[in-house]
J.: 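Got a structure here, written out as structure tokens. Questions coming.
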Amino acid sequence: MAEPVIATRDLSLVFTTRDGPVQALSNVNLDIAPGEFISLIGPSGCGKTTLLRVIADLERATGGSIAVNGRTPEQARLARDYGYVFQAPALLPWRTILGNVQLPLEIMGISREERAARAKAQLALVNLAGFERKFPWQLSGGMQQRASIARALAFEPKLLLMDEPFGALDEIVRDHLNEQLLKLWSATRKTVVFVTHSIPEAVFLSTRIVVMSPRPGRITDIVDCDLGPDRPLEIRETPEFLRIAQRVREGLRAGHSYDV
Amino acid sequence: MSRSILPVLTICAGLVLLWYGGAIWMNWQVVADTQARAGATPGLMEMVRLTLNHARPLLPAPHQILDELWRSTATLPVTSRRSLVHHAWVTLSAALLGFGMGTAFGVLLAVAVVHIRALERSLMPWIVASQAVPVLALAPIVIVALGAMGLEGLLPKAIIAAYLCFFPIAIGMVKGLRAPDATARDLMRTWSATQAQVFWKLRLPASLPFLFAGLKVAMAAAVVGAIVAELPAGAQAGLGARLLAGSYFGQTIQIWAALVAAAILSATLVGLLGAAERLVARRMGARA
């Protein structure tokens, strides 16, 4: 196996709250290889978003170790190793779509001409060519989220961290964006870590699915999802797909059977 | 267009009528006393005419104020000591200088408060307390103190104006600089943006609508501040001086003309800021 992009050993995180400590992550062991599409799935409070934020150095672990490209998350963040997509598009309303996609490039001190060229290329990749001069409010929710994906890809990070990027969109738009994301992933061969609470979405997109459960947040199962690179939407009706979905569902159920 | 203007005109006409009614009612007694002393018994129409054209009425009629405004602006050279243009300019220059100083101070204060946590608790109570002191009480102290130090004329008045103006700007700006939500701040962090980049590319643009709201309040306050600052030292020029002179000599029409001039001045300045705001908003992609 190639050098893992992300490697965690007994990773733990305890939040100190007014009601006492909360174990958000407990003994998480996970290796992610280059080019994998990993979904983190689980109910609210299972730590899936927290794990993503620890990888991104938006939260600090309180125990165990984590390496991102062989470095600490902070070093990886400072080296701009990853692009992050939030659940909300979080486009700046006073910038055009092009201006929003250029923002990370501006911050990284890339020249004006190259910024425009790269941003336009990324917008074309998410099918938003022709919308460069629009302002965010002129775009639908799905288009805004595509723009935010283009923004995360603008500086061409090898690692893409996505926190329920399609969670706020309706199912038709979500299906469409899932297909596009899959195409984008096969075209760019990036490593993706994708947080979701939708089983079909996880099975449709992933090469491996990490099933998590709450109190304390932990990994209960890791499901291989070898449906191959070519996945039309209809694959969701095949027995193979349903078998994997069934196993994920069982993993989720086992994870918090004690509190039903 | 006409549909939106008609109600406005109707209300304006109603207010003018009310004003005329008020002028007749308030000046009636004075006119009646004068006529009685002269042994005259004017008819109703004659009484109304007299109440609306008294030289020193309790409440001047609108046409008297307009007449005085016209006489003291258009018919006199602007260099004349009795020209309202001259007096308005004296007040305007102090108000604008004070507005500039207050804006700079207010913005700097907001930037400091947002970036240095300790300042919020240590400084903000004093800022709020500063505005609880009535400016009418404070202005004479400042004018006299600065006068003793040899500072007279424009600067002391501008300082009073700035004192009134910085507050709405600082308060609005603090709120505006804090407007970006956690996701936007996280986003900047994922790109390892420096604090300066977060300020220029996120916080400052987000604060502009709040800044403009503060600027408009501050502009009107600056004019009030400049006028109030002209009262205590018995200034020779300025709208405040006109008000003061008018009240010494019972020239109510002159007082009202100065008041209306001050209102027109404020409204114009605030209107200009509103236009600038719309221009900026359009450039920043606001919905039409």
Side-chain angles (χ1 to χ4, degrees), chain A residues 49 52-53 55-60 68 73-110 133-139 145 148 151-152 154-155 157 159-165 168, chain B residues 103 107 110-111 114-115 117 121 169 172-216 273-288:
Chain A
T49 293
L52 201 69
R53 290 175 64 87
I55 296 170
D57 190 38
L58 295 174
E59 306 284 353
R60 295 279 161 88
V68 178
E74 187 183 11
Q75 288 165 339
R77 175 173 64 83
L78 293 174
R80 283 129 181 182
D81 273 358
Y82 67 84
Y84 201 108
V85 179
F86 291 87
Q87 178 166 7
L91 300 169
L92 302 184
W94 56 84
R95 282 178 170 252
T96 60
I97 295 303
L98 190 70
N100 266 288
V101 177
Q102 286 182 345
L103 180 58
L105 303 173
E106 258 175 67
I107 284 169
M108 291 166 200
I110 286 161
R133 299 269 150 238
K134 299 274 186 221
F135 282 97
W137 63 270
Q138 295 170 301
L139 268 60
Q145 195 56 290
S148 93
R151 178 180 59 187
F155 55 100
L159 173 61
L160 192 55
L161 305 175
M162 307 180 88
D163 185 7
E164 291 188 51
Chain B
T103 302
V107 168
V111 171
V114 167
H115 285 90
R117 209 155 252 295
R121 288 219 185 129
I169 290 172
M173 199 68 183
V174 164
K175 200 169 156 74
L177 290 172
R178 291 207 172 125
D181 62 5
T183 307
R185 295 197 309 269
D186 277 348
L187 204 52
M188 297 301 275
R189 185 173 157 87
T190 67
W191 300 325
S192 307
T194 63
Q195 205 172 14
Q197 286 172 327
V198 173
F199 179 78
W200 290 109
K201 295 191 188 297
L202 181 64
R203 290 191 187 275
L204 191 66
S207 75
L208 286 185
F210 297 84
L211 174 63
F212 270 109
L215 286 177
K216 285 198 246 178
L273 279 172
E277 180 181 23
R278 281 191 295 279
L279 212 67
V280 169
R282 200 174 312 153
R283 283 220 51 192
M284 290 177 65
R287 287 161 209 242

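Every chain is numbered from 1 and lettered A, B, ... according to where its sequence line falls, protein lines coming before strand lines.
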J.: Is a donor on one side and an acceptor on the other found under 3.5 Å between the side chain of R189(B) and the backbone of L58(A)?
T.: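 The answer is no, because no donor-acceptor pair under 3.5 Å joins these two groups.
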
J.: Nearest 0.5 angstrom please: D186(B) CG to D57(A) CG, how far?
T.: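 So the CG of D186(B) and the CG of D57(A) are separated by 11.0 Å.
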
J.: Kindly indicate whether the side chain of E106(A), heavy atoms from C-beta on, has any atom under 4.5 Å from the side chain of Q197(B).
T.: no

J.: To the nearest 0.5 angstrom, please state how far the CG atom of L202(B) sits from the CZ atom of R95(A).
T.: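 Output value for this atom pair is 10.0 Å.
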
J.: What distance do K201(B) atom NZ and L92(A) atom CG have between them, rounded to the nearest 0.5 Å?
T.: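 Here the rounded value is 10.5 Å.
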
J.: Please state whether the side chain, the backbone, both or neither of R77(A) comes within less than 4.5 Å of a heavy atom of chain B.
T.: both

J.: Which answer fits P104(A), side chain, backbone, both or neither, if we ask what part of it has an atom under 4.5 Å from a heavy atom of chain B?
T.: both

J.: Donor-acceptor pairs under 3.5 Å, side chain of residues 172-183 of chain B to any protein atom, not counting sequence neighbours: which ones?
T.:
{"unit_1": "R178(B)", "atom_1": "NH1", "unit_2": "E120(B)", "atom_2": "OE1", "d": "3.2"}
{"unit_1": "R178(B)", "atom_1": "NH2", "unit_2": "E120(B)", "atom_2": "OE1", "d": "2.8"}
{"unit_1": "D181(B)", "atom_1": "OD1", "unit_2": "A184(B)", "atom_2": "N", "d": "3.0"}

J.: Nearest 0.5 Å, what's the CD1-OG1 distance between I107(A) and T194(B)?
T.: 8.0 Å

J.: Could you tell me which portion of L208(B) (side chain, backbone, both or neither) has an atom closer than 4.5 angstrom to a non-hydrogen atom of chain A?
T.: neither

J.: Tell me the residues of residues 273-284 of chain B whose non-hydrogen atoms fall below 4.5 Å from those of chain A, in number order.
T.: R283(B), M284(B)

J.: Check each atom of Y84(A) against the heavy atoms of chain B and say whether the ones under 4.5 Å are side chain, backbone, both or neither.
T.: both

J.: Does L103(A) form a side-chain contact (heavy atoms from CB on, under 4.5 Å) with W191(B)? I'd like the steps, not just the answer.
T.: CA-CA 10 Å; L103(A) 180 58; W191(B) 300 325; 3.6 Å; yes

